[in-house]
K.L.:
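Have a look at the structure that comes next, please.
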Amino acid sequence: MRDIITKHFKSVFEAELLEEIIKIGEIKTYPKDTLLMDFGEYMRHMPLIIDGAIKISRIDKNNDELFLYFLKRGQSCAMTLSYFIGHHKSEIKAVSETETSMVLLPVDQIEIWISKYKSWRKFVFENYHERFIELLDTIDTIAFSNTSERLLHYLSNKAKVNKSNTIKITHQEIAFDLNTSRVVISRLLKTLEQEGEIKLERNKIYILSK
DNA sequence: TCATTAACACGGG
DNA sequence: CCCGTGTTAATGA
């Protein structure tokens, strides 16, 4: 516990805060595809990601999903970080994309530490900023790109967090994430394959380009 | 033009 | 046989 937290956050948090995290925090490892937080649930803990990746999605009234971004090592969830501002229910859904380890901290600590530790303030605001930029990036591909570019954006993100150029996924799952139809994904993937960007197999996509 | 929905055939496991 | 895939046709934005 001490070793893991020191190793990952030594350069981020001051010594006193590290001690508090070691005392209060709880290290958890979840297998791939675990529902960590559902839309509308109350947030009780905030995660500091140690390893792995978490897929963050938005859900609309019809229960349709829309992929937003991945949380990676060293990052935290902007949704829970805003807990102290007053919105206590989650606006997003979080599912582990790979096996993911994290330090869980009670949400009440967020506010306490903000007034107590400079490094924590910096961490909270930087994380907020990063998530915001990532969100803009995703919005850009939705608003200004065609679906093909959006698909590539999605695939390269996916390849990055899985640390592999082979993605294990079905066309239907991609369609759910991008909130479009399977026909479109199949057609676009086929085109990308013909263009030499990817190679297709059943349940698998190989990314050839960078 | 490009997306959606429905429908169908193919084939691997 | 079931599921994922590739494709087409009709319709719409």
Side-chain angles (χ1 to χ4, degrees), chain A residues 28-41 47 49 51-73 75 77-79 87 89-102 129-210:
Chain A
K28 288 258 184 181
T29 301
Y30 295 97
K32 169 179 165 46
D33 294 328
T34 308
L35 177 62
L36 301 170
M37 170 62 67
D38 206 352
F39 186 86
E41 273 182 26
I49 315 296
D51 221 335
I54 298 177
K55 184 169 92 178
I56 306 295
S57 305
R58 188 87 170 108
I59 312 281
D60 77 2
K61 301 173 200 78
N62 308 321
N63 252 354
D64 284 332
E65 293 193 29
L66 179 65
F67 166 77
L68 297 180
Y69 51 75
F70 289 112
L71 285 183
K72 287 153 273 190
R73 182 184 316 150
Q75 304 182 332
C77 172
M79 201 70 240
H87 297 94
K89 275 188 182 174
S90 176
E91 292 287 337
I92 49 92
K93 175 181 173 182
V95 178
S96 55
E97 170 75 12
T98 60
E99 183 182 89
T100 305
S101 307
M102 64 196 79
H129 184 247
E130 278 177 38
R131 296 292 78 69
F132 190 78
I133 296 293
E134 231 161 347
L135 211 48
L136 284 184
D137 195 35
T138 300
I139 289 174
D140 281 347
T141 65
I142 294 172
F144 305 129
S145 309
N146 51 36
T147 315
S148 175
E149 283 176 63
R150 204 178 149 210
L151 178 58
L152 266 180
H153 178 259
Y154 173 85
L155 291 176
S156 65
N157 252 318
K158 190 108 175 159
K160 208 184 294 169
V161 299
N162 284 288
K163 298 180 180 116
S164 163
N165 281 335
T166 306
I167 300 169
K168 206 172 154 285
I169 197 168
T170 65
H171 298 182
Q172 183 61 71
E173 287 175 295
I174 301 176
F176 280 140
D177 275 352
L178 300 185
N179 198 23
T180 180
S181 65
R182 206 259 319 157
V183 185
V184 173
I185 300 299
S186 289
R187 175 170 51 78
L188 292 174
L189 284 172
K190 203 72 210 153
T191 314
L192 287 172
E193 185 179 40
Q194 280 154 13
E195 288 168 355
E197 301 271 356
I198 59 174
K199 186 170 180 319
L200 296 175
E201 258 175 43
R202 190 188 172 89
N203 291 315
K204 266 187 215 153
I205 300 172
Y206 300 94
I207 313 279
L208 302 177
S209 58
K210 292 220 159 177

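So that the names make sense, note that chain A is the first sequence line, chain B the second, and so on, each numbered from 1.
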K.L.:
A/M102 and A/I49: which non-hydrogen atoms are nearest, and at how many Å?
P.N.:
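Taking every non-hydrogen atom into account, CB-CA, 4.2 Å.
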K.L.:
Would A/E149 and A/N146 count as a side chain to side chain contact (heavy atoms under 4.5 Å, CB included) here? Give the steps.
P.N.:
CA-CA 6 Å; A/E149 283 176 63; A/N146 51 36; 3.5 Å; yes
K.L.:
Rounded to whole angstroms, how far apart are CD on A/E173 and C1' on C/dC3?
P.N.:
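The distance from CD of A/E173 to C1' of C/dC3 comes to 12 Å, rounded to the nearest Å.
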K.L.:
Using atom NZ of A/K168 as one end and atom C1' of C/dC3 as the other, report the distance to the nearest whole Å.
P.N.:
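Nearest whole value for this atom pair: 13 Å.
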K.L.:
Going by heavy atoms in the side chains, are A/K158 and A/I207 under 4.5 Å from each other?
P.N.:
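SC-SC contact between A/K158 and A/I207 ruled out.
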K.L.:
If I take atom NE2 in residue A/H171 and atom P in nucleotide B/dT4, what distance separates them, rounded to the nearest angstrom?
P.N.:
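From A/H171 NE2 to B/dT4 P: 16 Å.
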K.L.:
Roughly how many Å is it from CG in A/L178 to P in B/dA3, rounded to a whole number?
P.N.:
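Atom-to-atom, A/L178 to B/dA3, this comes out as 12 Å.
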K.L.:
For A/F176 and B/dT4, what is the distance between atoms CZ and P respectively, to the nearest whole Å?
P.N.:
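Roughly 13 Å, once rounded to whole Å.
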K.L.:
For the backbone of A/T29 and the side chain of A/S101, can you confirm whether one donor and one acceptor N or O come within less than 3.5 Å of each other?
P.N.:
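It does not hold such a pair.
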K.L.:
Measure CZ/A/R182 against P/B/dT4 and give the value in whole Å, please.
P.N.:
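Between P of B/dT4 and CZ of A/R182: 12 Å.
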K.L.:
In degrees, rounded to 10°, what is the bend between the two ends of the helix from B/dT1-C/dA13 to B/dG13-C/dC1, using five pairs at each?
P.N.:
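Taking five pairs per end, the axes differ by 20°.
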K.L.:
Verify side chain to side chain contact (heavy atoms under 4.5 Å, CB included) between A/I142 and A/L66, making sure each step is shown before the conclusion.
P.N.:
CA-CA 11 Å; A/I142 294 172; A/L66 179 65; 4.2 Å; yes
K.L.:
Would you indicate whether the side-chain heavy atoms of A/T138 and A/E134 approach each other to under 4.5 Å?
P.N.:
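Contact flag for A/E134/A/T138 side chains = no.
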K.L.:
Considering every strand and a 4.0 Å limit on heavy-atom distances, what is the contact class for A/N203: base, sugar-phosphate, or nothing?
P.N.:
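Contact class for A/N203: sugar-phosphate only.
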K.L.:
Roughly how many Å is it from NZ in A/K199 to C1' in C/dT5, rounded to a whole number?
P.N.:
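Nearest whole value for this atom pair: 14 Å.
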K.L.:
Using only side-chain N and O atoms of A/T170, determine if any of them is under 4.0 Å from OP1 or OP2 of C/dC3.
P.N.:
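The answer is no; no side-chain N or O of A/T170 sits under 4.0 Å from OP1 or OP2.
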K.L.:
Give the minimum heavy-atom separation between A/S96 and A/T34, together with the two atoms involved.
P.N.:
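Minimum heavy-atom contact is OG-N, 2.8 Å.
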K.L.:
Nearest whole angstrom, please: distance from the C1' of C/dC2 to the CZ of A/R202.
P.N.:
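Those two atoms, CZ and C1', are 9 Å apart.
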K.L.:
Verify side chain to side chain contact (heavy atoms under 4.5 Å, CB included) between A/T98 and A/K163, making sure each step is shown before the conclusion.
P.N.:
CA-CA 10 Å; A/T98 60; A/K163 298 180 180 116; over 6 Å; no
K.L.:
When rounded to the nearest 0.5 angstrom, what is the spacing between CZ in A/F70 and CG in A/N162?
P.N.:
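These two atoms lie 7.0 Å from each other.
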K.L.:
Of the residues in residues 183-193 of chain A, which ones touch DNA chain B at a heavy-atom distance under 4.0 Å?
P.N.:
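Listed by number, they are A/V183, A/V184, A/R187.
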